[in-house]
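Computed from a predicted model, the values in this text were never measured in an experiment.
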Amino acid sequence: MKKKIIRGVRSIAGLFKPLPWGGVGCLVCFLLCACARMGNPDGGWYDDTPPRVVSASPAEGATGITAKKVIINFSEFIKLENANEKVIISPPQLEQPDIKAAGKRIIVELKDTLKEQTTYTIDFSDAITDNNEGNPMGNYTYSFSTGDRIDTLEVSGYVLNAEDLEPVKGMLVGLYPYDAPDSVFRTEAMMRVSRTNGSGQFVIKGVAPGKYRACALNDADGDFIFGQKSEAIAYSRDSIVPSWKPDTRQDTIWRDSLHIANIVPVPYTHFLPDNITLLAFQEPQTDRFLLKTERQSPEKLGVFFTYGHDSLPQLKGIDFEADSAFVTEYTEHRDTVYYWLRDTALVNRDTLTMELRYMATDTLGQLEEKADTIAFLPKVPFAKRQKELQKELEKWQKEQEKKKKRDEPYDTVMPPKFLSLKISANQITPLERIRMELTEPLQRCDTSMVHLYQKIDSAWYNAACTIEQQSLRSFVLSAQWQEDTEYSLEIDSAAFENIYGLVNKAMKQGIKVSKGEDFSTLTVDVSGAPITKADSMAVVMVRLLDNSGKLLREEKPDARGRVTFLYVKPGTYYLSAYCDMNGNGRWDTGEYDLDLQPEPVFFFNEEVECKAKWDVSRKWNLTATARYLQKPSKIIKQKPEQAKKLRNRNLDRAKQLGIEYIQDKTGVRL
């Protein structure tokens, strides 16, 4: 091996015989340095060392500071990524500070007046990397104080969406004095702030000893106070007393990317509390404004509002008589209203100019009647629709001509259009109902022309059923379905008629009710609900979710606290629950001024596997697991951010050279 190296050096030296010895020496030194340079593609060592702070002005941890400019110097050229999003300065700065990276330094210029006797922290999170290799420095926080001491306590926790316990990313979290009035969230900026990461986690640093309460804010206007209903918030009345204790954690030292060299305990300062949980919500948006109007189809006018109202908006034709011209359809909360034109002459008009009268919120937050003149234009003009109809007619005529030439039966009159009626399913469980939907509002329905037949021993018999109209365009059919049985749903022609005179054609739909042995039964015993005797209207509602987190069913426990889900198809499921505190049958958000928290939501923190012919049971204490640990990771949509890691390419390089090495957080050690 030594001979090979000597021969290599001699061959290199031979290239430079014509040069003076000084020149040869310089070139050889240059080549040797190049071979040893970090990241050299010819086989030298890579730069796997993260940047480190070498000095700062003012010095890190300095006290009695009055200057508003901070310069932090590093051991190498660095980059600062997403400074506006990742860098958090506390106390919060109302005027945006100037933060920039220049070569081997970061310069921060504060614009706000410095507060007296206050610790300032500049939390860079993981925004700092080296310029060449992108090695992350890791979470770094710089601090100084305008007083005579540095506050070093920390508190941490999580912000979750109150409705579904999803982690909330990018939300401001701050502290107020515990004895501050409730109005402080609306009048004063937070004392100390942080921002949640992709896991909904936050760490508030530089906290002084004392007693606090926490709030979170999706700050739309940058003033660090809750001033708009559109801003999502979270708050807690619980007291927070920062503390710390000495602790240890396990640090893994890797021999290579697959093999562990050692696991060693590392002492660190454990700051408490570290499990604060805030539940974010948006208050009811009661301000009512007109969002938009539309005419997607020529016969249907849509009017959309930000919030509903008991009185529906009124439409009055300006260039036509509008009395009894519409059939009105609206959503449950009356925030969306559709007007179906009865008169086909109006349907065929390209422009309908109308006066729309509705209730809207004024500048003082009060409802007042407002009137707008609106021109409704269809998405497809009348002339274009006529051309499309003509094309359909010509296509049909050509088909009939071909049949005539082939001496096949043909029609001389184009058959009329029929009402479109959609039936939901042909394979159901004994608990399901059949849904029938129309595309236009119904004028008439003769339920005596709807028949259900049951097959018994190869013969068909009448089966009792009930038909209930759900809306202007939907019905549901219910029956005492028998397992493993065939049914036939038959609808006579003209049983349904819409407002344009179209009727349905005769229909026949086969229905198969599955066998019970094809399913599983899931029983859940629920306990630990945060409901007291004073909550007379409150009830727990348990939800069965599919493997994507979509709601399938919702049931109320019996007197024993037991919920039974029958006829569950084989598969993987999840469970959630909410406490319906006011007994209105739905989940309700919170209101800060009324000190009303959102209704509590919980998740069973394990998946539930159901198999055919199996009876599955689970016991679920709603509050036994901390809220931020409840929702199973497989159905969490807001995934954690991928942690930046050292590239450590020197592991492979050392392995190629046969050099003993181990890897820790600082890179490779030979």
Taken to the nearest 0.5 Å, the spacing of Arg543 CZ from Asp164 CG works out to 10.0 Å
Which atom of Leu278 lies closest to which atom of Ala234, heavy atoms considered:
CB-CB, 3.8 Å
Of Phe602, Phe604, Tyr574, the one forming a ring-ring contact (aromatic ring centres under 6.0 Å, His included) with Trp620 is Phe604
Between Lys229 and Thr286, is there a side-chain donor-acceptor contact under 3.5 Å, judged purely by atom types and distance?
yes
Restricting to salt bridge (Lys or Arg N to Asp or Glu O under 4.0 Å), what partner residues turn up for Arg295, sequence neighbours left out?
none
Would you check if Pro167 and Lys631 make a side-chain contact, meaning some heavy-atom pair closer than 4.5 Å?
no
So do the side chains of Leu545 and Ser576 get within less than 4.5 Å of each other, counting heavy atoms only?
yes
Looking only at heavy atoms, what is the nearest atom pair of Tyr487 and Gln480, with distance?
OH-O, 3.7 Å
About how many Å separate CG of Asp219 and CZ of Phe226, when rounded to the nearest 0.5 Å?
11.0 Å
For Asp518 and Ala612, work out which heavy atoms get closest and say how close.
O-CB, 3.7 Å
Result of checking Phe289, Phe305, Phe304 against Tyr358 for ring-ring contact (aromatic ring centres under 6.0 Å, His included)
Phe305
Restricting to side-chain contact (heavy atoms from CB on, under 4.5 Å), what partner residues turn up for Lys569, sequence neighbours left out?
Phe519, Tyr573
Under a plain distance cut-off of 3.5 Å, with no hydrogens placed, do Thr331 and His333 share a side-chain donor-acceptor pair?
no
Examine the side chains of Trp340 and Glu299 and answer whether a donor and an acceptor come within less than 3.5 Å of each other.
no
Is there side-chain contact between Thr353 and Thr373, with at least one heavy-atom pair below 4.5 Å?
yes
Check His309 against Ser311 and note the closest heavy-atom contact, atom names and distance.
ND1-OG, 2.8 Å
Residue among Leu165, Val601, Ile233 satisfying side-chain contact (heavy atoms from CB on, under 4.5 Å) with Leu279
Leu165
Pair Glu607-Thr572, side-chain hydrogen bond (donor to acceptor under 3.5 Å, both in side chains): steps then yes or no:
CA-CA 7 Å; Glu607 62 183 33; Thr572 301; 4.8 Å; no
Going by atom types alone, do Gln597 and Tyr592 pair a side-chain donor with an acceptor below 3.5 Å?
no
Side chains of Asp492 and His451: donor-acceptor distance under 3.5 Å anywhere?
yes
How long is the gap from CZ on Phe281 to CD on Glu599, to the nearest 0.5 Å?
12.5 Å
Short question: side chain of Glu437, backbone of Phe475 - any donor-acceptor pair under 3.5 Å?
no
Applying side-chain hydrogen bond (donor to acceptor under 3.5 Å, both in side chains), run through Thr589 and Glu283 and close with a yes or a no.
CA-CA 6 Å; Thr589 188; Glu283 292 191 329; over 6 Å; no
Say whether Tyr578 and Asp588, considering side chains only, have a donor N or O and an acceptor N or O under 3.5 Å apart.
no
Under 4.5 Å between any side-chain heavy atoms of Val450 and Leu489, yes or no?
yes
Glu641: what forms a salt bridge (Lys or Arg N to Asp or Glu O under 4.0 Å) with it, not counting sequence neighbours?
Lys169
Between Tyr158 and Asn197, does the side-chain hydrogen bond (donor to acceptor under 3.5 Å, both in side chains) criterion hold? Intermediate values first, please.
CA-CA 9 Å; Tyr158 300 83; Asn197 62 18; over 6 Å; no
In terms of heavy-atom contacts, Thr328 and Leu472 come closest through O-CD1, 3.4 Å
If you measure only the distance, is there a donor-acceptor pair under 3.5 Å linking the side chains of Ser474 and Gln469?
no
Going by distance alone, is a donor N or O of one side chain under 3.5 Å from an acceptor N or O of the other, for Asn161 and Glu166?
no
What do the steps show when you test Glu483 against Tyr567 for side-chain hydrogen bond (donor to acceptor under 3.5 Å, both in side chains), and what is the final call?
CA-CA 11 Å; Glu483 292 183 9; Tyr567 302 106; 2.5 Å; yes
Using the salt bridge (Lys or Arg N to Asp or Glu O under 4.0 Å) rule, pick out the option among Arg334, Arg473, Lys300 that qualifies with Glu329.
Arg473
